[in-house]
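Have a look at the structure below before the remarks.
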Amino acid sequence: MSSISVPNYNPGEIESRWQQRWEADGLYHANIDVQRPKHYALTMLPYPSGDLHIGHWYAMIPSDARARFMRMQGYNVLFPIGFDAFGLPAENAAISRNIHPKVWTYRNIENMRRQLRSMGAMFDWRREAISSDPEYYRWTQWFFLKLFAHDLAYRKMSPVDWCPNCNTTLAREQVWGEDRHCERCGTPVTKKNLEQWFFKTTQYADELLRFDGIDWPERVRTLQTNWIGRSEGAAVYFTTQDEDVLEVFTTRPDTLWGATFMVLAPEHPLVAKLTSADQRAEVEAYIQQTMRQSDIQREAADKDKTGVFTGGYAVNPVNGRRIPVWIADYVLMTYGTGAIMAVPAHDERDFAFAIKFGLPILPVIDRPDGLAKSFAVAGSMRAGFAAALQSAGLAYTEDGKGISISLTSGQIDAYLQIAREHLNSGYWNEVVGSRWVFVFDNGMWAWESPDSEVRILARCKELEPAARPARTLMEMLSGCEFYRDVLFHAEYGRMINSGEFSGTGGDRAKAEVTAYLERQGKGKYAVNYRLRDWLISRQRYWGAPIPMLFCAQCGIVPVPEDQLPVTLPEDVEWKPTGESPLKLHPTWRMTTCPQCGGRAERETDTMDTFMCSSWYHLRYLSPWYHQGCFDPAEYDYWMPVDTYTGGIEHATMHLIYTRFFHKALRDMGVTKGDEPMLQLRNQGMVLGEDSEKMSKSRGNVVAPDNLVAAYGSDTVRAYLMFYARWDQGGPWSSGGIEGVSRWLRRLWSLALEATAGGEASEAVVRNLRRKVHQTLRAVTRDFRDFEFNTIISALMELLNEMSKARQQGAGAAPAWNEAVDIYLRMLAPVCPHISEELWQLLGKPYSIHNQSWPLVDEDAAREEEITLVVQVNGKLRDRIVVAADISAEDAKARALSSEGIQRHLEGRDPHQVIYVAGRLVNIVI
RNA sequence: GCCGAAGUGGCGGAACAGGCAGACGCGCACGACUCAAAAUCGUGUACCCUCCGGGUAUGUGGGUUCGAUUCCCACCUUCGGCACCA
């Protein structure tokens, strides 16, 4: 047999050749075809920062592979690409290198297009959309006008982040780190008040909390749910000494009787009126101090409470108690009503405040019975401590540091007795809830912070020390003015000290008190959110101008739709002055009012780039369309997005904004359905080989261009899908990619080498076909489920099997051709070039990417023989090979008579034999 | 502090109904080819005990079960998000 020379695998040559061919043929053009089911696969669009990095590849390649899989499954697949091209880096480049943002951006796009093409992805480039094109931002502005017309956009004075060193405002993403410093110069940012545009995202808060009908990761749903932060409770109307209503929001209306003081945010409108003459100086000084402080300092980690008494009082509507009104910066004007009723017995912050300023603490919720508490015992233990716990029936766990124990309230006495006998040292300590409690030998106790320690010790000294041994710790606490163990987690206790409500069970307390408040007109059911309205104004040049005018006669006037787009001027100055360069332009903002014809000025702020990215999936549908933001025919066919892939970091920004956008547009009749993206999947992050985040300064950056040059796109693609769980990511490994490279080279030669001759036995052929179809089944499932790493594993495993089968003479069998055919089809979504090349070299018709996904031949995949595991008492003792359809009786009999089992039974009688069909036999003796 | 996710060989990871723990790959060791090296191919590779054969292992400690990486409870660690949100 003569051997044909096998061409070398030369990915560089193959890949560019096929990419050109596909491009020329328009192979990946997606057009409306009502005959076929559609699939809109969307990957988050990149920012044109200059170079495509490995993270882009990691996000896009598996998305591409899955889109290709769906295409082979018979779907008409749309997989578009574009650029999120407005934004700060372009302006920073302008400032630091004097390049116009537009020039910088479009140069980068040109480069990144080339890099994106090197992926060999099935992007339909005809649908490319670039958010900084006037034809794009014309519609971004149009959406703004729509939102404004529907009362979802409004203007309000609001604080923005301000860098006092650069003398400029900063966007949220320019503020870095825990100390919230300026991205460029490191100076901590402060706040500055400016007129800003907002979108009413809060109007959709409740709907955004619902994820009905969409398949989004639990993680993202949780992040969004927490971000929106819905709290149910009650509004309660207190009355000030001047008969003003002072409304508070509380999630715990059942603790209303425990309110011993009130706290207002320093900015609260009633502060001035409430302040008494003798407190005025102090109050004003405090307000001045908090105004000067930035939010950062206000929210600083040291939770030491500050505040000032206003001298004013308010009346609790349910019990007429007259309580002092304080101001403190721990109450935020931006949440609820900017005022709280303080219940120090049941709120940690109010408690700290009360301790610091000596305000009364009144418990109104009783300790629930039987509530398990965890204790950790530290310090030296005498021998026998653990044994004593054990004999008292107290379950504990031991680690290197000490003992952890979980007790119900009924077990505390027994525990304390043992602890007293067996613990060394002058004091011992334990954790109540999550706080350290120190119990001293003299019977006194105290907890955690030095400040509170003093206070509490003072209170407890009033107790009779001799009584200490007879009391449990909890009783000690109840002897004080409060219960520490119910403090802050008293959800299920009964109400006490609450007038007619005393005795009400914790499960009913909130609802009953709220109903009472509503009947009496003293309050009502209320809901609050942490979500704030979306601030979209940016004092920046490189963004879509906000299409609004200010007219001396008519006030705020929207730019008429037919005057869109409001285009950016190109001749602007790049000085970081804190004002938008648009504001400093000599003529740009001067215009006429469309209503009165008089002089008007343009809004010089531009829109947050998240506005552009909230609808790019709609522009992709028809970037060529000029009569509207999208062609309705394209919309009706393609939307909604079926699969959306991208990073988790957008969970509380882009992914909330785009949902809000879709819902708002739905209510205007622009979009249809409740959600824009049906299925969401997030990839993890590729780290450097040192397991650190890739960064130029660390020198651990892996550049995809270099990898493609060294290995070819197919190898990089397969490795990125193989090396880690896609949703996890992980460190890059330069050794790991070699393994994938080897695999593709082995495939190349195995597919092309001449048949070695010989004839395969029936069993070899049978086994080959079984493996092929079992692999197909697994690969199909894993593509469906986004489990990309096991797809590659399965293909590697199959190649190993095929290699063996060929050595056993299977190369000439029809089953071999079937195996290669199915193999290449399964590989096509992962490695589009090598599969296309081999497909062609084997004489199959162009293109493999127009082939359908093979179907599993269930007969071929079926196992005739299976290996049963035989266990004795759950331990593996033998394996037996039996027919797959063996009966339970036969299986048990075979197992019992097997050699390994006979040895272990040693004549004993099994009293139970469990048979799990196709799996195992377990003999219990 | 609160919320969420995750802990499996030297490493990435697999185990898809509670049923053979460690697939696949990297790395490592040995062998073949070679004057030699690289490449390639082959064999081995959780740990302990004496080779047959056992024993121990999926963060720790309990529990449920004939049987637990998988389910339940508690704890520890790591990562991510939020962070005075009343």
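Throughout, a chain's letter reflects where its sequence line sits, starting with A, and its residues are numbered from 1. Reckoned from all heavy atoms, side chains included, excluding hydrogens, waters and symmetry mates.
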Please classify the nucleic acid contact of [X] as base, sugar-phosphate, or nothing, using heavy-atom distances under 4.0 Å.
{"X": "V924(A)", "value": "sugar-phosphate"}
{"X": "R530(A)", "value": "base"}
{"X": "L920(A)", "value": "base"}
{"X": "G729(A)", "value": "sugar-phosphate"}
{"X": "E787(A)", "value": "base"}
{"X": "S231(A)", "value": "sugar-phosphate"}

d([atom1], [X]; [atom2], [N]) in whole Å:
{"X": "L264(A)", "N": "C84(B)", "atom1": "CG", "atom2": "C1'", "value": "16 Å"}
{"X": "L223(A)", "N": "C2(B)", "atom1": "CG", "atom2": "C1'", "value": "14 Å"}
{"X": "L747(A)", "N": "U40(B)", "atom1": "CG", "atom2": "P", "value": "15 Å"}
{"X": "M653(A)", "N": "G81(B)", "atom1": "CE", "atom2": "P", "value": "12 Å"}
{"X": "L687(A)", "N": "C11(B)", "atom1": "CG", "atom2": "C1'", "value": "14 Å"}
{"X": "Q683(A)", "N": "G80(B)", "atom1": "CD", "atom2": "C1'", "value": "15 Å"}
{"X": "L246(A)", "N": "A86(B)", "atom1": "CG", "atom2": "C1'", "value": "13 Å"}
{"X": "W216(A)", "N": "G4(B)", "atom1": "CH2", "atom2": "C1'", "value": "17 Å"}

* Asked: How would nucleotides 47-56 of chain B be written as a contact map, 5' to 3', with B for base contact, S for sugar-phosphate-only contact and - for no contact, using protein heavy atoms under 4.0 Å?
  -> ------SSSS
* Which letters describe nucleotides 24-31 of chain B, given B = protein heavy atom under 4.0 Å from base, S = only from sugar-phosphate, - = neither? -> BSSS----
* To do: Using the closest heavy atom to pick a nucleotide of RNA chain B for each, name whichever of N789(A) or N226(A) lands nearer the 5' end.
  => N226(A)
* **Pairwise 5' ranking along RNA chain B for Q871(A) and G730(A), keeping only the more 5' one** =>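 Mapping each residue to its closest nucleotide by heavy atoms, the 5'-most match is G730(A).
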Measure from the side chain of [X], starting at C-beta and using heavy atoms only, and say which of [options] lies closest.
{"X": "T250(A)", "options": "G12(B), C3(B), A86(B)", "answer": "A86(B)"}
{"X": "R879(A)", "options": "G19(B), A15(B), C20(B)", "answer": "C20(B)"}
{"X": "R745(A)", "options": "A86(B), U40(B), G13(B)", "answer": "U40(B)"}

Determine the Euclidean distance between corresponding [atom1] atoms of [M] and [N]; express it in Å to zero decimal places.
{"N": "G59(B)", "M": "G13(B)", "atom1": "P", "answer": "14 Å"}
{"N": "U50(B)", "M": "U64(B)", "atom1": "P", "answer": "36 Å"}
{"N": "U69(B)", "M": "G63(B)", "atom1": "P", "answer": "15 Å"}
{"N": "A68(B)", "M": "A17(B)", "atom1": "C1'", "answer": "14 Å"}
{"N": "C11(B)", "M": "A23(B)", "atom1": "P", "answer": "15 Å"}
{"N": "A46(B)", "M": "C52(B)", "atom1": "P", "answer": "15 Å"}
{"N": "C41(B)", "M": "C49(B)", "atom1": "P", "answer": "35 Å"}
{"N": "A21(B)", "M": "U34(B)", "atom1": "P", "answer": "43 Å"}

Taking [X] for its side chain and [Y] for its backbone only, find out whether a donor-acceptor pair lies under 3.5 Å.
{"X": "S898(A)", "Y": "R894(A)", "answer": "no"}
{"X": "D533(A)", "Y": "T201(A)", "answer": "yes"}
{"X": "Y525(A)", "Y": "E232(A)", "answer": "no"}

* List for me each residue that meets ring-ring contact (aromatic ring centres under 6.0 Å, His included) alongside F783(A), sequence neighbours excluded, and say none if there are none. => F69(A), W853(A)
* Structure fact -> With sequence neighbours left out, the residues meeting ring-ring contact (aromatic ring centres under 6.0 Å, His included) with W732(A) are Y719(A)
A quick test of your reading: do over 12 heavy atoms of other residues, nucleotides or ligands sit less than 6.0 Å from [atom1] of [X]?
{"X": "E899(A)", "atom1": "CD", "value": "no"}
{"X": "R221(A)", "atom1": "CZ", "value": "yes"}
{"X": "R919(A)", "atom1": "CZ", "value": "no"}

Quick one: side-chain hydrogen bond (donor to acceptor under 3.5 Å, both in side chains) partners of [X], sequence neighbours excluded?
{"X": "N682(A)", "value": "none"}
{"X": "T337(A)", "value": "none"}
{"X": "Q728(A)", "value": "none"}
{"X": "Q224(A)", "value": "R659(A)"}

* Structure fact -> So, with a heavy-atom separation below 4.0 Å from RNA chain B, the residues of residues 334-343 of chain A are Y335(A), I340(A)
* **Strand RNA chain B as a dot-bracket string - pairs counted if Watson-Crick or G-U with both distances under 3.5 Å, | where the partner lies in another strand** => (((((((..(((......[....)))((((((.......))))))((((...))))..(((((..]....))))))))))))....
* Quick one: list whatever passes side chain to side chain contact (heavy atoms under 4.5 Å, CB included) with T867(A), sequence neighbours left out. =>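 Counting only residues at least two positions away or on another chain, T867(A) forms a side chain to side chain contact (heavy atoms under 4.5 Å, CB included) with R879(A), V881(A).
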* **G81(B) OP1/OP2 closer than 4.0 Å to side-chain N/O of T222(A)** => no
* Go through the structure and list residues passing salt bridge (Lys or Arg N to Asp or Glu O under 4.0 Å) with R681(A), not counting sequence neighbours. => D215(A)
* In sequence, state the C-alpha distance, the side-chain angles, and the governing distance for Y723(A) and N789(A), and then conclude on side-chain contact (heavy atoms from CB on, under 4.5 Å). => CA-CA 7 Å; Y723(A) 92 101; N789(A) 55 341; over 6 Å; no
* Asked: Using 4.0 Å as the upper bound for N to carboxylate O, is an ion pair formed by R781(A) and E787(A)?
  ->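 Salt bridge: no.
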* Does a donor on one side chain and an acceptor on the other come within less than 3.5 Å for D206(A) and Y529(A)? -> yes
* Name the orientation of the base relative to the sugar in G9(B): syn if the glycosidic angle is within 90° of 0, else anti. =>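 Base orientation relative to the sugar is syn.
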